[in-house]
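Here's the structure, in structure tokens; my notes come after.
Worth knowing before you read on, the calculation uses all heavy atoms, side chains too, and leaves out hydrogens, waters and symmetry mates. FYI, the numbering just counts along the sequence from 1.
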Amino acid sequence: MAQHNAFYAQSGGVTAVINASACGVIETCRRHSDKIGKVYAGHNGIIGALTEDLIDVSQESDEAIAALRHTPGGAFGSCRYKLKDIETHRAQYERLIEVFKAHDIRYFFYNGGGDSADTCLKVSQLSEKMGYPLTAIHVPKTVDNDLPITDNSPGFGSVAKYIATSTREAALDIASMCATSTKVFVLEVMGRHAGWIAAAGALAGNGEGEPPHLVIFPELPFQRARVMQRVDEAVKKYGYCVIVVSEGARYEDGTFLADAGNTDAFGHRQLGGVAPTLAGMIKQDLGYKYHWAVADYLQRAARHLASRTDVEQAYAVGQKAVELALEGRNAMMPTIKRVSETPYEWRIDAAPLAEVANKEKFMPRDYIREDGFGITEAGRRYLSPLIQGEDFPPFENGLPKVAKLDKVKVPRKLPAFEL
């Protein structure tokens with residue numbers, strides 16, 4: 001087998017472990033140096049490929065690449081840039097192939113969520129039509145845990161651990177002060193359409209009166225009167241109420257509680273903050289003193305509290321991506337298969353991208369309690385293994401150490417390209 005180069009890029013919102021997947025891809029490529037020459041990374045995701053803004057990863061030391069495993073963020077830069085359909089934006093796809101040709105790139109590893117899976121599939125299809133031999137593999141990543149087929153998505157377990165921990169810790173704060181101060185605490189978590197992260201907050205307690213007292217999912221319509229009744233009941237019974245609410249909480253007609261009225265680069269509705277919206281309702285309807293918090297970027301950047309299970313799975317899908325490519329299995333995505341629940345065991349499988357792209361996985365109804373405000377034992381059995389284990393980064397001067405990359409740029413060979 002002749003030696004050719006590989007391209008790796010990160011896409012969409014980052015996670016605490018996306019760089020662990022990068023580490024898995026790069027270290028596995030280095031172990032197959034007889035087949036894979038240089039590894040190039042797209043600076044700021046797929047934009048780096050379009051603009052021929054490439055980073056020569058082969059210039060990085062083994063130590064720097066190994067440190068990616070415990071570094072949050074997107075080490076090579078990510079982007080929210082979705083390639084449009086091939087028919088009307090063919091020039092963009094042809095540009096990608098031109099860049100790959102110019103730099104002898106035959107392996108394409110795209111690390112992201114559902115939109116990235118779609119891009120990866122389209123690139124593989126066009127390369128085939130254009131007669132350019134490119135093996136395209138999607139490396140799964142999303143804190144939302146909404147990719148189909150795979151049991152769970154790398155990035156989710158660490159967010160789940162952070163949210164469950166934060167819910168438990170904040171609840172102790174509220175409980176200690178509720179007699180004379182705050183009665184209600186609202187924690188807003190990510191999850192536009194799928195309530196997986198909100199569900200993870202429910203892991204914080206598991207008994208009568210243990211917080212969170214309400215979890216609000218986007219899968220079920222928000223009913224203000226019912227929610228207020230439950231909040232009031234919790235405060236009167238336990239002295240306080242802790243709520244975990246998904247940013248995608250919505251009314252029966254599909255309107256988000258916190259619709260800000262505009263859209264992002266992917267065409268998704270921009271949400272303006274469901275926690276203050278809900279807290280305002282509580283103040284208006286019940287008059288209770290409240291505090292609210294938005295976990296926001298903290299939840300997906302918290303590598304210091306990453307789930308060891310998540311870190312290991314993130315690395316493993318990166319490793320499997322390279323193995324699939326070397327086997328010539330084009331347009332595939334490594335998936336996580338749950339082999340056993342007790343004890344928890346998993347392995348890495350693979351699925352065709354055509355079965356992954358543009359599909360979302362929602363919380364099953366049997367994971368959500370009948371009253372709609374918590375999780376069932378089935379939901380707990382699914383979620384609990386994903387937050388197990390600690391994988392602390394090394395610390396220096398009291399702070400976590402992170403990878404320091406040189407990010408040497410690859411000389412351009414083609415004319416400039418306008419996005």
Side-chain angles (χ1 to χ4, degrees), residues 8-31 39 41-45 55 57-78 109 111-113 139-145 152-166 169 190 197 200 295-322 334 336 344 346 348 385-408:
Y8 167 82
Q10 300 173 323
S11 175
V14 298
T15 79
V17 300
I18 188 174
N19 288 333
S21 291
C23 181
V25 168
I26 297 162
E27 288 187 343
T28 309
C29 284
R30 289 183 174 187
R31 286 196 292 272
V39 177
H43 185 218
N44 298 328
I55 296 165
V57 179
S58 53
Q59 301 279 344
E60 307 289 351
S61 68
D62 288 345
E63 292 74 22
I65 296 305
L68 288 175
R69 189 181 171 111
H70 58 74
T71 301
F76 303 104
S78 187
F109 302 108
N111 199 174
V139 186
K141 166 243 56 161
T142 174
V143 296
D144 292 327
N145 199 39
N152 57 286
S153 302
F156 170 68
S158 294
V159 167
K161 190 179 185 77
Y162 179 86
I163 292 302
T165 301
S166 298
E169 292 176 340
M190 288 178 171
I197 300 177
D296 201 47
Y297 285 8
L298 299 178
Q299 66 201 297
R300 72 185 198 197
R303 180 58 184 81
H304 66 285
L305 195 62
S307 149
R308 186 176 71 237
T309 298
D310 195 26
V311 176
E312 291 173 353
Q313 290 177 343
Y315 185 93
V317 295
Q319 178 179 331
K320 182 70 171 182
V322 178
I336 298 163
Y344 175 60
W346 55 275
I348 302 297
L386 306 181
I387 69 169
Q388 298 303 313
E390 288 69 53
D391 192 307
F392 299 118
F395 279 71
E396 185 175 66
N397 296 324
L399 293 170
K401 289 180 70 174
V402 296
K404 302 287 187 185
L405 303 180
D406 293 329
K407 297 183 186 176
V408 176

So which heavy atom on [X] is nearest to which on [Y], and how close?
X	Y	result
F109	C29	CE1-SG, 4.2 Å
S307	Q388	OG-O, 3.5 Å
V139	S21	CG1-CB, 4.1 Å
Y162	Q299	CD2-CA, 3.5 Å
A403	A64	CB-O, 3.7 Å
I348	K320	CG2-CG, 3.4 Å

Legend entry - Which residues share a side-chain hydrogen bond (donor to acceptor under 3.5 Å, both in side chains) with Y344, sequence neighbours left out: Q313
Quick check: does any side chain N or O of [X] sit under 3.5 Å from a backbone N or O of [Y], one acting as donor and the other as acceptor?
X	Y	value
R303	D391	yes
K141	S11	yes
S58	V39	no
N44	G77	no
Q10	A75	yes

Once you round to the nearest 0.5 Å, how far does [atom1] of [X] lie from [atom2] of [Y]?
X	Y	atom1	atom2	answer
F76	I18	CZ	CD1	10.5 Å
T142	R300	OG1	CZ	10.0 Å
I336	T309	CD1	OG1	10.0 Å
H70	K401	NE2	NZ	7.0 Å

Flag the pair [X] / [Y] as yes when at least one side-chain heavy-atom distance between them is below 4.5 Å, and no otherwise.
X	Y	answer
I55	L405	no
P154	P140	yes
V402	P72	yes
V322	R31	no
C23	N19	no

Inset, instruction - In sequence, state the C-alpha distance, the side-chain angles, and the governing distance for I387 and T165, and then conclude on side chain to side chain contact (heavy atoms under 4.5 Å, CB included). - result: CA-CA 10 Å; I387 69 169; T165 301; over 6 Å; no
Inset, instruction - Show your reasoning for whether side chain to side chain contact (heavy atoms under 4.5 Å, CB included) applies to D406 and Q59. - result: CA-CA 8 Å; D406 293 329; Q59 301 279 344; 5.8 Å; no
Inset, instruction - Start with the C-alpha distance between Y297 and M190, add both sets of side-chain angles, then the distance that settles side chain to side chain contact (heavy atoms under 4.5 Å, CB included), and finish with yes or no. - result: CA-CA 9 Å; Y297 285 8; M190 288 178 171; 4.2 Å; yes
Inset, instruction - Show the numbers, then the answer: is there a side chain to side chain contact (heavy atoms under 4.5 Å, CB included) between E390 and H304? - result: CA-CA 9 Å; E390 288 69 53; H304 66 285; over 6 Å; no
Legend entry - Result of checking T15, L386, V143, V17 against F156 for side chain to side chain contact (heavy atoms under 4.5 Å, CB included): L386
Inset, instruction - Identify whether the distance between the nearest side-chain nitrogen and carboxylate oxygen of K161 and D310 falls below 4.0 Å. - result: no
